[in-house]
Amino acid sequence: MKNSRSLRKWLDDMNLSHPLLIAGPCSAETEVQVLDIANQLKDSDATIYRAGIWKPRTRPGNFEGVGALALEWLKKAKKETGILTTTEVANANHVDLALKNEIDILWIGARTTVSPFIVQEIAEALRGTKKIVLIKNPVNPDLSLWMGAIERFYSSNIKNIGAIHRGFSTYEKTKYRNNPEWQIAIDLQRKLPDLPLILDPSHIAGRRDLIFDLCQTALDLNYDGLMIESHNDPENAWSDAKQQITPKELKLLTKNLIIRGATTDNEGYNDKLKNLRTQINLYDNQLINILGNRMDVAEKIGLLKKKNNVAVLQSKRWNEILGKMILEGDEKNLSEEFILKVFKAIHQESINHQEMILKTDSN
Ligand code: PEP
Ligand code: MN
């Protein structure tokens, strides 16, 4: 990766890679593993080494981290390679141990961000620190909860704060382990434009093959950095085995990423345009998904009408929808003419789907 963009606040002051790259295993497992990965990352773009020591797991019985023992290993990794270190802290005791053991950067996990009392406890334990604190989004898609955690750290006089976007859980499984819901992170960026934003593609993806595209989308959306899980033996990792990549794969991945706005006369314009187009693409994908879902429901209605021998076109209902949508469209600055065109097309497509159902022989 090469630097081509201006970074924000504390990122500007630190001599770190641009975009910032944080890499390392999901969990510290053994001293040998921690040191081996750190050494393999030495000639990568990573300037911060991550390793979970205390691992809050959704279900009991999974590996919950080796605990404070690994703090010594991270110290050694820093001494041997010069890389800065970061780990997750999930209570005031973790903070105390991490600070005593020279951890450079602390991150707050997704399962912690959801809990205001715990966030407050950690923010108090860190009051006034000059260390960087990175706050992951909560597991549920709630921008206020994410912002609330960030505000608690700001209120504890902690200035060097960043956000990590690691996706959101859903009941119905998608191809992602945690849905990106890019719009939430884009809204955070809009509300807190000076806050560095880092993508954690590993926990969004849940699998190796989706990581590159997620990273590229993040860079196109103006993110400031990436936190990528990297392990010397991913298949046999004690946690998150499916989503980790080797340091070698990480180096190849970062080499292939395209960083926006190289050098053109009109750099500001091109950067902005690419960023906006990426947002448009995301909205367009959402539109297609929503339209598909709407047609699925229309087909169910078609089936119901068929069983009950009811006509497809229900003019009264259709007029109600149109009237309501014109009013709602007006609130969003969408012209009546446009709403009529769009909804007539949607309605026609629904009718076509329902007709198809009526024409089929089966019930
Ligand atoms: C992690 O970074 O290993 C981790 C547990 O992440 P999250 O809090 O995003 O689930
Ligand atoms: Mn993990």
When [X] is tested against each of [options] for side-chain contact (heavy atoms from CB on, under 4.5 Å), which residue passes?
X	options	result
Leu21	Ile48, Leu41, Thr254	Thr254
Phe168	Ile184, Val139, Asn178	Ile184
Asp200	Leu134, Ile22, Ile164	Ile164

message = For a side-chain contact (heavy atoms from CB on, under 4.5 Å) check, start with the C-alpha distance between Glu229 and Ile245, then their side-chain angles and the critical distance, and finish with the verdict.
response = CA-CA 7 Å; Glu229 285 188 340; Ile245 58 176; over 6 Å; no

ask   = Passes salt bridge (Lys or Arg N to Asp or Glu O under 4.0 Å), Glu320 versus Lys316? Steps please.
value = CA-CA 6 Å; Glu320 272 169 22; Lys316 189 162 163 273; 3.7 Å; yes

Give a yes or no on whether the backbone of [Y] and the side-chain of [X] come within a donor-acceptor separation of less than 3.5 Å.
X	Y	result
Ser44	Ala46	yes
His94	Ala90	yes
Glu121	Ala92	yes
Glu336	Leu327	no
Trp54	Gly65	no
Asn101	Leu97	yes
Thr217	Asp213	yes
Thr360	Ile357	yes

Lys/Arg-Asp/Glu bridge criterion (N-O < 4.0 Å) met for [X], [Y]:
X	Y	value
Asp104	Lys78	yes
Arg208	Glu235	yes
Lys55	Asp240	no
Glu328	Lys332	no

[X]-[Y] side chain donor-acceptor pair, cut-off 3.5 Å:
X	Y	value
Asn39	Glu80	yes
Ser350	Arg294	yes
Asn281	Asp284	no
Lys306	Asn308	no
Thr30	Gln33	no
Arg50	Thr85	no
Lys131	Asn160	no

Test log, rule side-chain contact (heavy atoms from CB on, under 4.5 Å), inputs Gln244 and Cys26 = CA-CA 8 Å; Gln244 304 204 57; Cys26 177; 3.4 Å; yes

Acceptor/donor pairs from residues 143-155 side chains to any protein atom, 3.5 angstrom cut, sequence neighbours excluded:
{"residue": "Trp146", "atom": "NE1", "partner": "Ile135", "partner atom": "O", "Å": "3.1"}
{"residue": "Arg152", "atom": "NH1", "partner": "Gln120", "partner atom": "OE1", "Å": "2.8"}
{"residue": "Ser155", "atom": "OG", "partner": "Glu151", "partner atom": "O", "Å": "2.8"}

From CA spacing to verdict: side chain to side chain donor-acceptor pair (under 3.5 Å), Asn179, Thr174 = CA-CA 7 Å; Asn179 240 6; Thr174 67; 3.3 Å; yes

request  = Decide salt bridge (Lys or Arg N to Asp or Glu O under 4.0 Å) for Asp43 and Lys251; before the verdict, give the C-alpha distance in whole Å, the side-chain angles of both, and the deciding distance to 0.1 Å.
outcome  = CA-CA 9 Å; Asp43 62 342; Lys251 288 172 213 168; 2.8 Å; yes

Determine whether [X] and [Y] make a side-chain contact, defined as any pair of heavy atoms from C-beta on separated by less than 4.5 Å.
X	Y	result
Leu214	Leu199	yes
Leu99	Leu106	yes
Pro19	Asp224	no
Leu257	Leu226	yes
Phe338	Val342	yes
Ile186	Gln279	yes
Asn137	Thr113	no
Leu126	Ser156	no

ask   = Should Thr58 and Arg111 be marked as a side-chain contact (heavy atoms from CB on, under 4.5 Å) after you check the CA-CA gap, both sets of side-chain angles, and the distance that decides it?
value = CA-CA 9 Å; Thr58 303; Arg111 288 164 197 76; 3.2 Å; yes

So if you build clusters from Ile, Leu, Val, Met, Phe, Trp, Tyr with side-chain heavy-atom gaps below 4.5 Å, do [X] and [Y] land together?
X	Y	value
Val297	Met325	no
Val34	Leu69	yes
Phe63	Ile53	yes
Leu35	Leu250	no
Leu334	Leu322	yes

Side chain to side chain donor-acceptor pair (under 3.5 Å) evaluation trace for Asp233 with Asn236 = CA-CA 6 Å; Asp233 184 8; Asn236 294 307; 2.9 Å; yes

inquiry  = Let me confirm one number: the CD1-CD1 distance from Ile228 to Ile198, rounded to the nearest 0.5 Å.
reply    =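 Going from CD1 on Ile228 over to CD1 on Ile198, the span is 11.5 Å.
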
ask   = What is the distance from atom CG of Leu304 to atom NZ of Lys307, rounded to the nearest 0.5 Å?
value = 7.5 Å

message = Is the ring pair His165/Tyr223 parallel, tilted or perpendicular, if the boundaries are 30 and 60 degrees?
response =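 The arrangement is tilted - the two ring planes meet at 30° to 60°.
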
ask   = Is the NZ atom of Lys76 crowded by more than 12 outside heavy atoms at less than 6.0 Å?
value =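 Open: at most 12 neighbouring heavy atoms sit under 6.0 Å from NZ of Lys76.
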
message = Quick check on Lys173: does its NZ atom have over 12 non-hydrogen neighbours (other residues, nucleotides or ligands) under 6.0 Å away?
response =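 Yes, enclosed.
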
note = Exactly one of Lys300, Lys305, Glu349 clears side-chain hydrogen bond (donor to acceptor under 3.5 Å, both in side chains) with Gln354, and that residue is Lys305

message = I need the single residue from Lys274, Lys272, Arg277 that forms a salt bridge (Lys or Arg N to Asp or Glu O under 4.0 Å) with Asp220. Which is it?
response =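 Going through Lys274, Lys272, Arg277 one by one, the salt bridge (Lys or Arg N to Asp or Glu O under 4.0 Å) with Asp220 is satisfied by Lys274 alone.
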
task = Take Glu29 and Trp73 through the side-chain contact (heavy atoms from CB on, under 4.5 Å) test and state the conclusion after the steps.
result = CA-CA 10 Å; Glu29 298 165 6; Trp73 308 342; 5.8 Å; no

